[in-house]
Amino acid sequence: MSSTSYNKPSALCRIKGPLLSAALAAVLAVAGTTGAQAQAQGGTLRAIVQPEPPMLMLGLNQQIPTQYVAGKIYESLLTWSPDLKPQPGLARAWHVSDDGKTYTFDLQQDVTWHDGKPFSADDVVFSVDKFLRAVHPRARVIINQFVESVTALAPDKVEIKLKTPFAPFLKAFVSDNMPIVPKHLYDGTDYLNNPNNQRPIGTGPFMFKNWNKGSVIELVRNPNYWQKGKPYLDGIVFSVIPDSASRAVAFERGDVDVLRSGDVDNVDIKRLKALPNVDYTTNGWEMFAQQAYVQMNQRKPPFDNVKVRQAVMYALNRKFIVDNIFFGLGKVSTGPISSKTPFYSADVTQYPYDIKKARALIKESGVDVSKPIKILSYPYGAAWDRLGEYTRQALQQIGFNVDMEAADAGTWSKRVADFDFDLTFSFTSQYGDPALGVSRLFLTRNIVKGSAFVNNVGYKNAEADALWDKAATATSDADRAQAYQQVQKILVDEVANGYLFEIENPSLYRAKVHNLVTTAIGLNDTFANVYIDK
């Protein structure tokens, strides 16, 4: 790997003529300074958080509602442009050694935590080498496998040495994947029961103010934010509105400025985006490339039998699910890696809708599927409720005896994290590379309790494990592609997860709201650049 250094001012100094104007415009756009004359200071952005998150400590919980709210409180070293190029976050510059094993980060200066304590390299060392290594379901996989040492070279400089090259390492630095947490509040404590989990302290542009459970979460402007003059907003109010129809009405009435994917039923999207002075986008998910899947607990019958899992795939009409349950906002998946993610391969076994094939596989399996099982509901709105009911009916057609179990977000997370389920649903993000967002769901060593986003189904395959590791450490894209192609074939044949569809995520917002979606992490970003017309 060639030596790479990113430092915006010095890079611009080496560019002349028309290229300078283009480069400068790009940098200003990322920094949110384009059209600065029109940016208004003040105002409160009104949003919805659905479902209500179980907590806001982003290092301990990475459910989508937590990411949405806490992404304004916590920051990582980098953020990402829509074309997945790294941009400054808490790191102002970074350098990768020729051998791809040493990463040096120059940190932003004069940054303070929300409690007024100074941010420094010690916080980064603690976050990566101790906190995230211990508790984060995705980051710890990467850190434990690849990170040899994390060292503070100076108060504003951190060096991370890898055991072996890991090509997508920089992409790990996203706010929900590698959030930087305050050492002075967490070092030497019980992370899971630290009282600061209830009142999160970060470096982001917004500070936690209040959480009235079941009603509202309030954030306020950080007056000492390291990006001078930002944020523009005075605050953000996230309302908790349990009913989908009521959330749609709140947007129609103007009580809410922003709707995320899942805030309202998909059937309402077309009508709401046609309202006057409403903007619509599906941008801002480039880093995530989310995929929905059905999780079957492979530790016990009937899903410990591969033929039963294959039968489930044939019994589900996934095109019907996309077109009729999610109203076309998606694309049928072919396997564990999204078609929007590098190293995707379509050269895998297909599972067209075929009830006769499903019944034949159940018969071949010799498994008695009439013993009662339960579908643990996925608490992310009416579409997921309908998916659960559809799946129940589909499984009944091939002989299953199925009941539904209701769950809120916290209950679902705990049950799945404890492996306490028969069948449930989920969707996860891929983070721009299979080594970051996909392998975590299948590696045998990632069968660990405590998170809903690891290998919760208990899938084990030593050959697949070896291929994941080979792909992660290979330095050539050709070698990585070959390994990923092989592992996709294995996982699809064995139905390691029930691949449903690639999610298309719409965002709706008032036309008076600007700079809402400007990066590859979209609405989960900090909102430091968001402003509202007066």
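Counting begins at 1 with the first residue of the sequence.
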[X] side chain to [Y] side chain, donor-acceptor N/O pair below 3.5 angstrom:
X    : Y    : answer
N461 : E463 : no
Q488 : Y344 : no
S370 : D368 : yes
K489 : T349 : no
S377 : E405 : no
D408 : T411 : yes
Q62  : N177 : no
Q482 : Q486 : no
S244 : D265 : no
T341 : Q430 : yes
Q291 : S333 : yes
Q295 : Y459 : no
N524 : Q67  : yes

Exercise. Could you walk me through whether S345 and D347 pass the side chain to side chain donor-acceptor pair (under 3.5 Å) check?
Worked result: CA-CA 5 Å; S345 172; D347 183 18; 5.2 Å; no
Expected output: side-chain [X] to main-chain [Y] donor-acceptor under 3.5 Å:
X    : Y    : value
D243 : S246 : yes
S127 : V181 : yes
N197 : N194 : yes
R359 : G399 : no
N456 : V416 : yes
D465 : T444 : yes
Q198 : M57  : no
S76  : M178 : yes
D263 : R260 : yes
N455 : F442 : yes

Nearest-0.5 Å distance, [atom1] of residue [X] to [atom2] of residue [Y]:
X    : Y    : atom1 : atom2 : answer
T428 : F288 : OG1   : CZ    : 12.0 Å
L170 : D433 : CG    : CG    : 11.5 Å
R480 : Q485 : CZ    : CD    : 14.5 Å
S507 : N283 : OG    : CG    : 9.0 Å
I373 : L395 : CD1   : CG    : 5.5 Å
N497 : M313 : CG    : CE    : 9.5 Å

Within-4.5 Å side-chain heavy-atom neighbours: [X] and [Y]:
X    : Y    : answer
V240 : S215 : no
F427 : I503 : yes
R309 : Q298 : yes
I201 : Y186 : no
R392 : M404 : yes
S339 : E502 : yes
S413 : N61  : yes
V278 : Y509 : no

Exercise. So with a 6.0 Å cut-off around CG of N212, is the heavy-atom count from everything else above 12?
Worked result: yes
I want to check a possible cation-pi pair here: [X] against [Y], using under 6.0 Å from ring centre and within 45° of the ring axis as the test.
X    : Y    : value
R138 : F453 : no
K72  : F527 : yes
K470 : W468 : no

Problem set entry | Pair F238 + Y68: ring centers closer than 6.0 Å | yes
Problem set entry | Chi angles and distances behind the ring-ring contact (aromatic ring centres under 6.0 Å, His included) call for Y353, Y314 | CA-CA 5 Å; Y353 176 56; Y314 283 112; 9.8 Å; no
Would you call [X]-[Y] a salt bridge at under 4.0 Å N-O?
X    : Y    : result
R271 : D268 : yes
K300 : D422 : yes
E389 : R386 : no
R253 : D255 : yes
R46  : D257 : yes

For this session: Only one of R415, K414, K449 passes salt bridge (Lys or Arg N to Asp or Glu O under 4.0 Å) with D420; say which it is.
Result: R415
Exercise. Only one of D525, T519, V174 clears side-chain contact (heavy atoms from CB on, under 4.5 Å) with W80; which?
Worked result: V174
For this session: Might you point out which heavy atoms bring L58 and A70 nearest each other, and give the distance in Å?
Result: CB-CB, 4.0 Å
Problem set entry | Parallel, tilted or perpendicular: ring planes of Y378 versus W384, cut at 30 and 60 degrees | perpendicular
Exercise. Only one of F501, Y390, F327 clears ring pair (Phe, Tyr, Trp, His ring centres under 6.0 Å) with F320; which?
Worked result: Y390
For this session: Determine, stepwise, if the pair F169 / F146 fulfils ring-ring contact (aromatic ring centres under 6.0 Å, His included).
Result: CA-CA 9 Å; F169 185 62; F146 294 105; 8.2 Å; no
Problem set entry | Residues L441, V454; criterion side chain to side chain contact (heavy atoms under 4.5 Å, CB included); working and verdict | CA-CA 5 Å; L441 304 176; V454 292; over 6 Å; no
Exercise. Are V258 and L45 close enough, and set up right, to give a side chain to side chain contact (heavy atoms under 4.5 Å, CB included), and what steps lead you there?
Worked result: CA-CA 8 Å; V258 180; L45 187 73; 3.9 Å; yes
